[in-house]
Amino acid sequence: MPFAPVLHAEWIKIRTLRSLLGALAAILVATAAFSALAAADADDSDPLFSVFFGVSFGQIAAIAFGTTAVSSEFRGGALRLTLSAVPDRGRWFAAKATAIALPALAVGLLTGFVTLLVGRAVLGTAAPGWTEGLRGAVGCALHLTLMALFAAGLAAVLRSGVATLSVLIPFLLIVSFVIGDLSGSAADFLPDRAGQVALHSSWDGALGPWSGLAVTALWTAAALLAGAWSVRRRDA
């Protein structure tokens, strides 16, 4: 089967699962809401991060979206039915990843621009300039998309939504925030922290805005390659 109809079939799955639509909506709501709260009580040291502070919470919704989109295939024999229609497992997984990436990127861009507008309204004269703000909005979209794909790759390896979220959510909320702050510059290369460098006005670490996103992209590529290997080599 050609790639286009496989992608269309995967898109139908995503737009007809309420949990996935809810996760996409939660990306926007969580990011904008927590960013507005943070901006209202922010100082002037890093106005850009004050505007995009809520990405730390929005990325949890992004990983829930990526995880659920893949893990749903491993319930009730759904993957066996899918592979009977699309025997080429590599093509199917590429279509699945694309069907996750496109809506995640679209919602990420909407989230980035809405959050920027809300943050500028709250901060007033202390808000970052438009050039810096637009860089943050694009960085926000790319980071959220990469985190959704990172979760999708891990879900294909673990074959369980519960297991994937049990690994990633404590990692984001505990390891990255708590242990990461104690481990020095090495923590800057964790997937979530590296991508968020683009959301800071200035950064003292080894990474810059785009090199930080590149590090997160490498983590994501590794997870997707591992997921593709798992799908190709393991029984459905």
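None of these values were measured; they are calculated from a predicted model. Keep in mind that the numbers below use all heavy atoms, side chains included, and drop hydrogens, waters and symmetry copies. All residue numbers in this chain count up from 1 along the given sequence.
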K13-T82 side chain donor-acceptor pair, cut-off 3.5 Å = yes
Interatomic distance, F65 atom CZ to L144 atom CG [nearest 0.5 angstrom] = 11.5 Å
To the nearest 0.5 Å, how far apart are OG1 in T145 and NE2 in H143?
-> 10.0 Å
Hey, what do you get for CG (L149) to NZ (K96), rounding to the nearest 0.5 Å?
-> 12.5 Å
Are the side chain of T220 and the backbone of L146 linked by a donor-acceptor contact shorter than 3.5 Å?
-> yes
How close do P47 and A126 get, heavy atom to heavy atom, and via which atoms?
-> CB-O, 3.4 Å
Would a 4.5 Å heavy-atom cut-off, applied to side chains only, mark L168 and F150 as touching?
-> yes
Report yes if some heavy atom in the side chain of L142 is under 4.5 Å from a heavy atom in the side chain of L105; otherwise report no.
-> yes
Mind checking whether V55 and L110 sit in one hydrophobic cluster, side chains of I, L, V, M, F, W, Y counted as touching below 4.5 Å?
-> no
Under 3.5 Å donor-acceptor, R135 side chain and A198 backbone = yes
Grab the two heavy atoms, one from T111 and one from C140, that are nearest each other, plus how far apart they are.
-> CG2-SG, 4.4 Å
Compare all side-chain heavy atoms of P128 with those of V51 and state whether any distance is below 4.5 angstrom.
-> yes
Judged by atom type as modelled, is there a donor-acceptor pair below 3.5 Å linking the side chain of S230 to the main-chain atoms of G227?
-> no
Under 3.5 Å: donor-acceptor pair, side chain of R120, backbone of A127 = no
Start with the C-alpha gap between I12 and R15, add the side-chain angles, then the distance that decides, and say whether side chain to side chain contact (heavy atoms under 4.5 Å, CB included) holds.
-> CA-CA 5 Å; I12 291 174; R15 67 181 176 85; 3.9 Å; yes
Candidates F52, W203, F49 - the one meeting side-chain contact (heavy atoms from CB on, under 4.5 Å) with Q196 = F49
ILVMFWY network linking L79 to L17, side-chain heavy atoms under 4.5 angstrom = yes
Applying the side-chain contact (heavy atoms from CB on, under 4.5 Å) test to L207, which of V215, L213, T216 qualifies?
-> V215
Residues A152 and I100: closest non-hydrogen pair is CB-CD1, 3.7 Å
Hey, are the side chains of L102 and W11 touching, using non-hydrogen atoms and a 4.5 Å cut-off?
-> no
May I ask you to decide if A155's main-chain N or O and S71's side chain share a donor-acceptor pair within less than 3.5 Å?
-> no
With a 4.5 Å heavy-atom cut-off, do T164 and I63 have their side chains touching?
-> no
Polar side-chain atom of S72 near backbone of A69 as donor-acceptor pair, under 3.5 Å = yes
CD1 of I60 to CG of D192: how many Å apart, nearest 0.5 Å?
-> 10.0 Å
For residues L172 and M147, determine if any side-chain heavy atom of one lies less than 4.5 Å from a side-chain heavy atom of the other.
-> yes
When rounded to the nearest 0.5 angstrom, what is the spacing between OG in S19 and CG in L24?
-> 10.0 Å
Correct closest heavy-atom pair for V197 and P209 would be CG1-N, 3.9 Å
Tell me, which pairs form a ring pair (Phe, Tyr, Trp, His ring centres under 6.0 Å) where one or both residues lie in residues 90-137, sequence neighbours left out?
-> none
A99 versus L7, closest heavy-atom pair with distance | N-CD1, 3.7 Å
When hydrophobic residues are tied together by side-chain contacts of less than 4.5 Å, even through go-betweens, does L117 share a cluster with V107?
-> yes
Closest non-hydrogen atoms of R89 and V231, given as atom of the first, atom of the second and distance, are NH1-O, 2.7 Å
Determine, using the 4.5 Å side-chain heavy-atom cutoff (strictly less than), whether L109 and L48 are members of one ILVMFWY cluster.
-> yes
According to a 4.5 Å side-chain heavy-atom criterion applied to Ile, Leu, Val, Met, Phe, Trp and Tyr, with indirect links allowed, do I27 and V29 form part of one hydrophobic cluster?
-> no
